There are 2 protein chains.
Amino acid sequence: MERKRSDRIADALEGLIFDGTFADGDRLDEVQLAGRFSVSRTPIREALHRLSQSGLVVQIPRRGVFVRQPGPVELIEMFEVMAELEAVSARLAAARISETALAELHAANERCKHAVEARDTDGYYLENEQFHAIIYRQSGNSFLEQECLRLQRRLQPFRRVQLRVRGRMKQSMAEHEDVVAAIEAADGDRAAAAIRRHVSVQGEKFHHLMASLKPAAE
Amino acid sequence: MERKRSDRIADALEGLIFDGTFADGDRLDEVQLAGRFSVSRTPIREALHRLSQSGLVVQIPRRGVFVRQPGPVELIEMFEVMAELEAVSARLAAARISETALAELHAANERCKHAVEARDTDGYYLENEQFHAIIYRQSGNSFLEQECLRLQRRLQPFRRVQLRVRGRMKQSMAEHEDVVAAIEAADGDRAAAAIRRHVSVQGEKFHHLMASLKPAAE
DNA sequence: ATTGTCATTCTTGTATACAAAACATCTTGA
DNA sequence: TCAAGATGTTTTGTATACAAGAATGACAAT
């Protein structure tokens, strides 16, 4: 099943925004992008439309589309919602997870551990993503799973930056252990609390997140 | 700020799907719709693209777009997530709500009560929507507010049907009272529990929801 | 000098034309 | 008769052409 060109362009644009090629507030010129991707304006417009739906970009009628990176306040808000969604996932997963999935969760956590030991930030990031995805899935609620994945994807670049903070990976791992233990014990409330602590931005994490935003604000 | 034509068309199509003009599984023909709205295919395609992003319609490459109403399982899942999001809103609102907003909440609840007394189902539906919207807003988290509104909108037609069940409006009102009392007492946990009970689909409500889906399944 | 107005130009929004892929139908061979 | 392939038709995806609204800049009037 081949995807269409505008979808691939949307993904590419997403990447260009995440990696900073297009900064907050930049206008995305249709003809310019059409040139860059060697297509006409039509697929570009469709791609921009998709990005606008996902909130990565804001479209002002008759004015154009502009990159819209969330500010500090919105970021905190998004992490707050993410923490709650993950907490729900974890609570449900604790009750509903299958034995084989529990084994997978352990395996994913082991892979995280190895990445930490290898000081492989990117590797850890990917394995961590997998770890969380397993929990979403084991909530047994596919709609919830989708919503979690959507937000996870949106917060991806910011989480990634967080991991670069000294000692954060090890702390993150310790939190994982709590989560796994709670789920294994089928203790929904504890699992929810553990993952909420893991995800939510508080104390030092808040400070670091703000610091990481500084360059973008200049 | 004038919206563009394709947005109005998307809204119109949304309505046509909600009111059953287009049933689940129907293919939405681009040229046919273009004729119906007296525009070219371009704005139709943009509108369909938007609907596809919001999940109301599924787009199969090179095959067309098809109406995709959620089935029983997905509906239950969506209500489960909605209940949790509202619970979070209520918990936060209980801690953060302002005095004036609390007064507004009371006022909205009064209007609900009047609608119940007048047996005005549609009126109740609208006021109820307002009531919940106030809670979302008073969570103090605009991102959460937006997410709640999005889901509320998506579940709108199904909630509406629920209200037509005999006695449901009165029960709904009673649940509102619990929620208001808990928020007024700044008891976040109680508010969350109350609104979770109010929104979640369980027991009789589950039965009625399934019954309301029967006609669509034929 | 500043401000308001007008015109030019640029960019988005829409229509139409074209290309390509999927579907249906018809033919042909065993 | 049935199957497989070719062909024609329909429909989506993309390109281009056109229309309309907004930004920019010049010029005039106070």
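Note on naming: letters A, B, ... go to the chains in the order of the sequence lines (proteins, then strands), and numbering restarts at 1 for each one. Bear in mind that the values here come from a model prediction, so they are computed numbers and not experimental data.
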Distance in angstrom units between [X] [atom1] and [N] [atom2], rounded:
X: I9(A); N: dG13(D); atom1: CD1; atom2: P; answer: 14 Å
X: R27(A); N: dT24(D); atom1: CZ; atom2: C1'; answer: 13 Å
X: R62(A); N: dA23(D); atom1: CZ; atom2: C1'; answer: 14 Å
X: L33(B); N: dT12(D); atom1: CG; atom2: P; answer: 10 Å
X: Q32(B); N: dT12(D); atom1: CD; atom2: C1'; answer: 15 Å
X: D7(A); N: dT12(D); atom1: CG; atom2: C1'; answer: 14 Å
X: E46(A); N: dG13(D); atom1: CD; atom2: C1'; answer: 8 Å
X: I44(B); N: dG13(D); atom1: CD1; atom2: P; answer: 14 Å

Quiz item: NA contact type, V31(B), heavy-atom cut-off 4.0 Å: base, sugar-phosphate, or nothing?
Solution: nothing
Self-check item: Sugar-phosphate only, base, or nothing, as touched by R63(B) at under 4.0 Å among non-hydrogen atoms
Solution: sugar-phosphate
Self-check item: Listed once per pair and sorted, the salt bridge (charged side-chain N to carboxylate O under 4.0 Å, His left out) pairs that draw on residues 94-106 of chain A, sequence neighbours left out
Solution: R96(A)-E80(B)
Quiz item: Around atom CZ of R196(A), are there more than 12 heavy atoms of other residues, nucleotides or ligands at under 6.0 Å?
Solution: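 Yes, because the 6.0 Å sphere around CZ of R196(A) holds more than 12 heavy atoms from other groups.
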Quiz prompt | Over 12 foreign heavy atoms within 6.0 Å of CZ, F158(B) | solution = yes
Practice problem: Would you please test H106(A) and H176(A) for ring-ring contact (aromatic ring centres under 6.0 Å, His included) and show each step? | Solution: CA-CA 10 Å; H106(A) 272 118; H176(A) 273 204; over 10 Å; no
Quiz prompt | Along DNA chain C, first and last positions that approach a heavy atom of chain A under 4.0 Å | solution =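 Contact span on the strand: dT11(C) to dT14(C).
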With a cut-off of 3.5 Å and sequence neighbours excluded, list every side-chain donor-acceptor pair involving residues 32-41 of chain B.
unit_1	atom_1	unit_2	atom_2	d
S40(B)	OG	T42(B)	N	3.2
R41(B)	NE	E30(B)	OE1	2.9
R41(B)	NH2	E30(B)	OE1	3.1

Quiz prompt | Y136(B) versus E86(B), side-chain donor and acceptor atoms under 3.5 Å | solution = yes
